[in-house]
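Dropping a structure here in structure tokens format, bear with me for questions.
Numbers here simply count residues along the sequence, with the first being 1.
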Amino acid sequence: MNASPVEFSGVGDNRAVFRGVLRRTAAFLITVPLIVAPLAGALARSGGPTPDQPVARDIPPAVSLPGNPALESGQAQIRTVHPPERALLRGGDPDSTGILDSADGGFGIHLWQGTPRTMVIGLLAALPLEAPSPAMRDLARRLLLTTAQAPAGAGEVGAGGTLTALRLEKLAALGGGAADVAALAATLPPLSGPVAEAVLQAVTDAQLLESDSGPDCPTILERSRPFSGASWEKIRLLCRQRLGDDAGVALGRDMLREQGDADDAFAQLLERMASPAAASRKPLSLALPQPLPAVHVALLRLTGQPVPGPVLAATRIPARVAALARMGTADPLARLALVEWGARQGVLGADAVVDAYEGSPLPRLSPAEVEKRTDASPETRALVHRALRASPDPGQQDRLCLRALRLTPAAGRATPLGQVGLRCLQDRGAVPALSGLAVAAARALLAQNRLDAARPWLALAMRTPEHQAEAVGLWPLYALAGTEEAFAGPVAFEAWRAQAMAQDPVVAAGILALLEATGVAVPPAAWSGLVPPVRDGDPTRLAALRDAVAGNRVGAVIAGALIALGNGGPAEASLGLMAAVAASLRAVEREDEARALAREALAARL
């Protein structure tokens with residue numbers, strides 16, 4: 001049987017089919033070309049690559065589905081790559097493809113050298129994606145997009161592309177990268193069977209989650225024809241309902257019933273899509289599944305249904321967080337918390353937080369009333385942000401600015417959430433009249449790696465007797481910024497060491513070990529009276545990480561470091577574990593990445 005051509009740019013939730021590829025040999029193959037004539041023609045029109053040209057320039061328009069601004073405005077680019085990497089993209093193993101080269105944020109073509117294919121699949125499958133850590137998110141994204149020689153090891157018959165299919169699935173879940181997903185899929189040669197289905201699932205997921213205007217239904221209906229199962233049938237039902245194909249909708253419903261599907265929430269959403277006026281008058285009466293499938297997210301958006309607060313509170317997968325944060329809800333406080341969480345993950349930026357603060361229906365309080373609030377909730381942070389803009393009193397504005405900086409959760413200081421509080425410093429300088437702001441401003445700026453902006457505030461704090469002790473406690477962040485003054489600058493190392501030893505010698509040793517692991521030249525005398533921390537964590541994972549470092553297996557080190565940190569991220573990891581992770585990354589020449597993770601860890605503690 002010949003399958004209809006499928007062009008990968010657009011995705012479902014049927015993971016079982018793909019996972020089956022990892023367990024068994026495909027019983028039969030259905031060849032599904034990825035790059036078909038329409039895509040090739042569009043590539044030619046956009047000046048895209050031919051077999052004899054390097055992969056270059058921006059993502060060609062062909063990888064963006066019509067009417068999908070999320071894909072059309074994506075940030076990912078396919079840039080000119082070095083000859084060895086270009087050669088990999090022109091043929092051979094589909095698991096050798098990628099869109100980031102070593103000069104453009106990728107980790108090089110030898111990323112998986114020395115790591116067996118089965119181990120690579122296991123590492124990528126175990127990648128934690130939900131950590132509140134922009135540094136971990138950046139590492140994971142670049143790892144998944146790097147152009148690299150396919151890892152050694154015999155693959156299953158017909159399973160070429162299994163690794164790239166898994167990479168696409170992870171990218172789709174990582175969120176904020178529909179263009180990344182589409183661009184990576186567009187580099188693939190023809191694939192077959194379950195692998196082809198898994199790739200299309202990933203691309204369709206990304207589109208369903210990120211497109212505010214809805215999916216390109218004619219294209220999705222054509223591409224998904226070879227594939228069966230409840231998840232695909234639900235996507236097709238959404239599209240047929242949208243296109244007004246009543247007969248197709250009736251047939252699809254019958255097929256779902258025959259398959260024993262009991263997703264009543266989906267059926268209710270589909271009915272509301274057919275009758276939007278009635279849908280707007282009543283809330284959903286059925287609980288939505290968790291984690292929320294991409295097709296349900298799209299239906300909620302297209303029908304204008306408010307997302308229930310419990311669904312927002314339970315959502316942690318970044319792609320779902322970003323999608324639901326843009327949608328209406330009957331629980332504005334739950335939405336505020338979700339937006340802040342997305343900013344801590346790095347899937348949402350500071351502007352998204354500001355928009356949520358300014359657009360949420362909150363109590364109308366005067367700046368004076370806001371000053372009286374004592375809690376540190378998302379609601380209070382939003383009210384303080386609003387009061388800063390509304391207050392005509394400069395002194396009150398300064399107090400609210402200090403409040404905004406102090407209200408930032410410690411674990412969010414090094415994330416886009418921390419950037420929101422810093423906005424009140426834009427028109428304020430480090431002058432004596434603002435000495436009360438000095439420590440909070442310096443801490444917030446150092447957490448964001450803005451050393452030059454932090455210097456005058458640190459100096460001001462050190463000149464103010466009542467703030468000196470607190471300013472001294474910031475020395476580790478100051479040293480991590482890479483300054484040559486780390487041991488002879490405005491914040492004296494010896495003063496910090498004496499203070500830290502008096503407070504908790506174990507923590508002091510952990511901080512020194514972490515700094516040393518990132519490349520800070522800690523003097524041997526600094527260790528006097530201290531015992532280096534135990535590098536705790538999962539013993540098996542740490543042993544695997546040490547083994548990867550010994551073999552200079554870069555990809556295994558990066559993936560192993562992320563797995564060791566887990567979904568708690570640097571803010572929750574022990575200092576001993578952070579030191580082990582940072583030392584491992586630095587051993588494979590990823591010092592900047594090690595410092596970014598260490599900065600998140602220290603900012604959450606100081």
### Query
So, the side chain of Ser96 versus the backbone of Ala150: is there a donor-acceptor pair under 3.5 Å, distance only?
yes
## Note on the structure
side-chain hydrogen bond (donor to acceptor under 3.5 Å, both in side chains) pairs touching residues 413-423, sequence neighbours excluded, are Asp351-Arg423, Gln419-Gln448
### Query
Can Arg586 and Glu591 be counted as an ion pair, charged N to O under 4.0 angstrom?
yes
### Query
Judged by atom type as modelled, is there a donor-acceptor pair below 3.5 Å linking the side chain of Gln499 to the main-chain atoms of Ala469?
yes
### Query
side chain to side chain donor-acceptor pair (under 3.5 Å) with Arg326: which residues, sequence neighbours excluded?
Asp212
### Query
Can you tell which of Gln113, Arg117, Met119 makes a side-chain contact (heavy atoms from CB on, under 4.5 Å) with Thr115?
Met119
## Note on the structure
The side-chain contact (heavy atoms from CB on, under 4.5 Å) partner of Leu562 among Leu127, Leu123, Val557 is Leu127
### Beyond-backbone contact of His110 with Asn552, side-chain heavy atoms, under 4.5 angstrom
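No; the side chains remain at least 4.5 Å from each other.
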May I have the list of side-chain donor-acceptor pairs in residues 569-585 shorter than 3.5 Å, sequence neighbours left out?
unit_1, atom_1, unit_2, atom_2, d
Ser574, OG, Asp536, OD1, 2.4
Ser574, OG, Asp536, OD2, 3.2
Ser574, OG, Leu577, N, 3.1
Ser584, OG, Ala580, O, 2.8

### Task
Please test Thr147 against Asp101 for side-chain hydrogen bond (donor to acceptor under 3.5 Å, both in side chains), starting from the C-alpha separation and ending with a verdict.
CA-CA 6 Å; Thr147 302; Asp101 72 332; over 6 Å; no
### Task
Give a yes-or-no answer on whether the side chains of Glu340 and Tyr357 include a donor-acceptor pair shorter than 3.5 Å.
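Per modelled atom types, Glu340 and Tyr357 side chains form a pair under 3.5 Å.
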### Task
List the steps and the verdict of side chain to side chain contact (heavy atoms under 4.5 Å, CB included) for Arg316 and Trp341.
CA-CA 8 Å; Arg316 285 295 179 264; Trp341 180 258; 3.0 Å; yes
### With Glu470 via side chain to side chain contact (heavy atoms under 4.5 Å, CB included) - residues at least two apart
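Scan of Glu470 (side chain to side chain contact (heavy atoms under 4.5 Å, CB included), adjacent residues dropped) gives Val439, Arg443.
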### Which residues share a side chain to side chain contact (heavy atoms under 4.5 Å, CB included) with Thr315, sequence neighbours left out
Gln290, Val311, Arg320, Val321, Leu324, Leu338
### Task
Measure the shortest side-chain to side-chain distance between Pro128 and Met136 over non-hydrogen atoms and say whether it is less than 4.5 angstrom.
yes
### Summary
Thr464 meets the side chain to side chain contact (heavy atoms under 4.5 Å, CB included) criterion, sequence neighbours left out, with Ser435, Leu460, Glu466, His467
### Message
Would you say that more than 12 heavy atoms from the other residues, nucleotides or ligands in this model lie under 6.0 Å from the CD of Glu358, or not?
### Response
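Buried by this count: over 12 neighbours within 6.0 Å.
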### Query
Between Arg167 and Asp95, is the closest basic N to carboxylate O distance under 4.0 Å?
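Result for this pair is no, no salt bridge flagged.
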